Protein chains: 2
Amino acid sequence: MTHEAGIPLGIRFKLLSDTPQDSAAQVVGDVVVGDYRDLDTLRDFARGCDVITFDHEHVPTEHLRALEADGIPVRPGPDALVHAQDKGVMRAKLTEIGAPCPRHRIVSDPADAAAFAAETGGFPVILKTVRGGYDGKGVWFVRDEQDAEEPFRAGVPVLAEEKVDFVRELAANIVRSPHGQAVAYPVVESRQVDGVCDTVIAPAPGLSEELGGQAQTLALRIAKELGVVGHLAVELFETTDGRILVNELAMRPHNSGHWTQDGAITSQFANHVRAVLDLPLGDPRPRAPWTVMANVLGGDYPDMYQAYLHCMARDPQLKIHMYGKDVKPGRKVGHVNTYGDDLDDALERARHAAGYLRGTITE
Amino acid sequence: MTHEAGIPLGIRFKLLSDTPQDSAAQVVGDVVVGDYRDLDTLRDFARGCDVITFDHEHVPTEHLRALEADGIPVRPGPDALVHAQDKGVMRAKLTEIGAPCPRHRIVSDPADAAAFAAETGGFPVILKTVRGGYDGKGVWFVRDEQDAEEPFRAGVPVLAEEKVDFVRELAANIVRSPHGQAVAYPVVESRQVDGVCDTVIAPAPGLSEELGGQAQTLALRIAKELGVVGHLAVELFETTDGRILVNELAMRPHNSGHWTQDGAITSQFANHVRAVLDLPLGDPRPRAPWTVMANVLGGDYPDMYQAYLHCMARDPQLKIHMYGKDVKPGRKVGHVNTYGDDLDDALERARHAAGYLRGTITE
């Protein structure tokens with residue numbers, strides 16, 4: 001999707017891909033298949049690139065430092081990216097700069113997790129491995145000390161966080177360039193099902209201008225304090241008592257910003273590319289009163305073709321984005337965007353299409 | 001641009017390109033460099049393709065028939081495409097189906113051209129080689145019999161057409177699928193400078209609903225009668241006496257439809273891909289009251305980078321589309337789209353950007 005956004009800007013990509021089947025490898029011209037965990041591979045790949053950026057956060061921080069030492073601009077740089085790689089580092093830094101977070105601390109074993117629970121009002125608490133988690137993986141909802149044993153098995157440091165009473169999840173998406181220009185997208189509501197993002201509504205319905213402004217200002221401040229270049233998604237809780245707390249950070253175009261492809265003047269992908277190349281940023285404002293993104297998860301049937309035809313025929317305004325992935329139950333294989341003047345209509349159309357493609361809606 | 005539109009639809013391209021430097025070859029993954037005039041090259045290339053389509057009309061008709069005989073779907077097919085390849089065939093067919101055309105006939109030599117002039121009210125007349133012309137090439141504005149010598153030098157049949165008194169040029173863009181579904185974009189005004197499209201305004205300002213409807217209906221009828229699959233652009237004259245006459249046909253996404261990338265719910269490129277694969281077509285309606293496309297021509301300076309930065313910084317809403325071509329004076333190297341509620345504003349922004357990129361505007 002970043003390649004797609006780079007084409008009209010005249011920007012050419014070279015891709016380092018795990019396998020020739022990866023979504024991006026199917027559409028980019030210049031593809032190197034290799035392991036991003038191997039420094040020699042990274043160094044060979046980086047030769048001749050003007051700038052390196054990412055569609056995930058898993059490249060080892062020390063390798064990124066080595067590329068920088070070789071004179072290759074890495075954006076976001078390792079000093080920023082480490083905050084999206086390591087939840088312990090992220091919480092420590094956010095606390096240091098006064099960004100509102102759930103109560104948290106690193107815990108050493110199940111008994112320490114129980115002690116954290118006691119300090120913060122009792123179980124349940126959330127335990128997270130500080131590295132390697134995404135889409136609900138590496139996160140445990142822990143009800144007692146015995147429950148707390150599992151997270152420690154991987155041998156990775158474990159972060160404990162209080163369970164926040166929230167009314168909904170929000171996301172503040174911003175893009176920042178090396179010379180400090182920044183743009184803020186409207187704050188969106190993100191609805192999760194089984195720990196995976198299901199639907200995003202832009203802008204977040206009924207969000208007060210004050211809280212929306214707070215969230216955008218917070219995201220811009222985090223980007224500046226952490227030295228982020230490119231796209232930053234700040235996932236937030238809106239608490240029952242009307243505050244916002246930072247849940248997670250992502251430093252790349254993010255699922256909560258996919259609506260911008262069809263719903264904003266400039267998409268998150270185009271602005272990420274513009275930022276990492278230090279080009280002037282594009283207007284982030286929405287093009288329609290409401291835009292809805294719904295993720296398409298794989299269902300029981302591997303062949304989505306008939307459903308794809310049906311969805312296009314049913315709704316000629318539907319914007320489909322398929323990733324070229326093999327369909328497996330629960331796997332994100334695409335998303336759809338709808339937009340319009342009427343939120344209920346946009347929501348119904350997006351949900352119908354995503355459900356029909358998955359096979360959970362059959363009429 | 002067609003590849004770009006195919007990415008979200010999950011559609012993968014294999015490209016036959018003249019050189020590795022062609023615009024499309026810079027961004028498509030699977031590129032074969034070869035000569036489209038060579039049947040063996042075409043046959044090797046076509047093996048394993050689900051369908052063949054084009055971004056120009058120059059593949060020899062007989063080669064397309066050979067591919068069809070091999071069982072490869074070619075869309076648009078040779079029986080349709082020949083009308084966009086050969087202006088003589090096009091005029092004969094349009095006349096047969098009663099589509100309004102300038103008066104015309106094939107002329108055999110300068111004296112015959114003078115005879116045609118005498119039949120149609122005198123010089124000047126337009127002479128065109130029936131094959132191989134585009135962007136003003138292969139077209140002569142002829143004031144007398146001596147002027148008429150040049151067009152015959154190539155040894156290609158020459159078509160004579162009366163010089164039409166027109167108030168402006170219009171274009172009706174439609175897309176038709178193999179099973180006969182069709183969509184019509186709003187009729188646009190196309191402004192030419194030195195025989196090259198300069199600006200396109202969507203919809204055509206002040207066009208009566210009646211004449212707009214006539215133009216759309218005419219384009220849909222031509223597509224049906226000629227068996228067009230995919231995008232058809234019908235370039236039209238709006239005459240001083242309030243009629244429309246067909247000027248040219250193009251059977252591929254066309255410059256007069258580039259505005260749809262940012263100005264329509266579904267772009268011409270996406271609908272062309274959907275049509276050639278017989279997928280349901282997308283909504284062609286505009287997203288803004290006015291959209292303006294301005295072509296970016298090369299100027300005297302080969303390096304446009306500073307101008308590109310300036311245009312992005314000046315107008316964060318500007319949509320730039322660069323083709324990755326070397327800049328040469330007068331060569332189309334990209335286009336820009338602007339849109340909004342105010343036509344004058346959109347026109348000023350598009351013209352400014354195109355002029356600044358070319359170097360004809362310096363402030």
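These numbers were taken from a predicted model, which means no experiment stands behind them. In what follows, chains are A, B, ... by sequence order, proteins preceding strands, each numbered from 1.
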Checklist entry - For A/Ile7, is it the side chain, the backbone, both, or neither that has a heavy atom closer than 4.5 Å to a heavy atom of chain B? => result both
Checklist entry - For B/Leu15, is it the side chain, the backbone, both or neither that has a heavy atom under 4.5 Å from a heavy atom of chain A? => result neither
Next on the checklist: Let's go through B/Met322 and A/Ile11 carefully: what are the C-alpha distance in whole Å and the side-chain angles of both, what is the deciding distance for side chain to side chain contact (heavy atoms under 4.5 Å, CB included) to 0.1 Å, and is it a yes or a no?
Outcome noted: CA-CA 9 Å; B/Met322 301 304 286; A/Ile11 292 158; over 6 Å; no
Show me the donor-acceptor pairs under 3.5 Å between chain A and chain B.
unit_1: A/His3; atom_1: NE2; unit_2: B/His3; atom_2: NE2; d: 3.3
unit_1: A/His3; atom_1: NE2; unit_2: B/Val27; atom_2: O; d: 3.2
unit_1: A/Pro8; atom_1: O; unit_2: B/Met322; atom_2: N; d: 2.7
unit_1: A/Leu9; atom_1: O; unit_2: B/Tyr308; atom_2: OH; d: 2.5
unit_1: A/Arg12; atom_1: NE; unit_2: B/Gln26; atom_2: OE1; d: 2.9
unit_1: A/Arg12; atom_1: NH2; unit_2: B/Gln26; atom_2: OE1; d: 3.3
unit_1: A/Gln26; atom_1: OE1; unit_2: B/Arg12; atom_2: NE; d: 2.9
unit_1: A/Gln26; atom_1: OE1; unit_2: B/Arg12; atom_2: NH2; d: 3.4
unit_1: A/Val27; atom_1: O; unit_2: B/His3; atom_2: NE2; d: 3.2
unit_1: A/Asp262; atom_1: O; unit_2: B/Arg287; atom_2: NH1; d: 2.7
unit_1: A/Asp262; atom_1: O; unit_2: B/Arg287; atom_2: NH2; d: 3.2
unit_1: A/Ile265; atom_1: O; unit_2: B/Lys319; atom_2: NZ; d: 2.5
unit_1: A/Asp283; atom_1: N; unit_2: B/Pro316; atom_2: O; d: 2.9
unit_1: A/Arg287; atom_1: NE; unit_2: B/Tyr339; atom_2: OH; d: 3.4
unit_1: A/Arg287; atom_1: NH1; unit_2: B/Asp262; atom_2: O; d: 2.7
unit_1: A/Arg287; atom_1: NH2; unit_2: B/Asp262; atom_2: O; d: 3.2
unit_1: A/Tyr308; atom_1: OH; unit_2: B/Leu9; atom_2: O; d: 2.5
unit_1: A/Pro316; atom_1: O; unit_2: B/Asp283; atom_2: N; d: 2.9
unit_1: A/Lys319; atom_1: NZ; unit_2: B/Ile265; atom_2: O; d: 2.5
unit_1: A/Met322; atom_1: N; unit_2: B/Pro8; atom_2: O; d: 2.7
unit_1: A/Tyr339; atom_1: OH; unit_2: B/Arg287; atom_2: NE; d: 3.4

Checklist outcome for this item: Honestly, the part of B/Ile265 sitting under 4.5 Å from a heavy atom of chain A is both
Next on the checklist: I need the residue from A/Leu279, A/Leu318, A/Val28 with the largest number of non-hydrogen atom pairs under 4.5 Å to chain B.
Outcome noted: A/Leu279
Item to check | Under 4.5 Å from any heavy atom of chain B - which part of A/Val27 | outcome: both
Checklist entry - Are any non-hydrogen side-chain atoms of A/Pro280 and B/Leu309 less than 4.5 angstrom apart? => result yes
Item to check | Heavy-atom check, side chain of B/Pro8 versus side chain of A/Ile320, under 4.5 Å | outcome: no
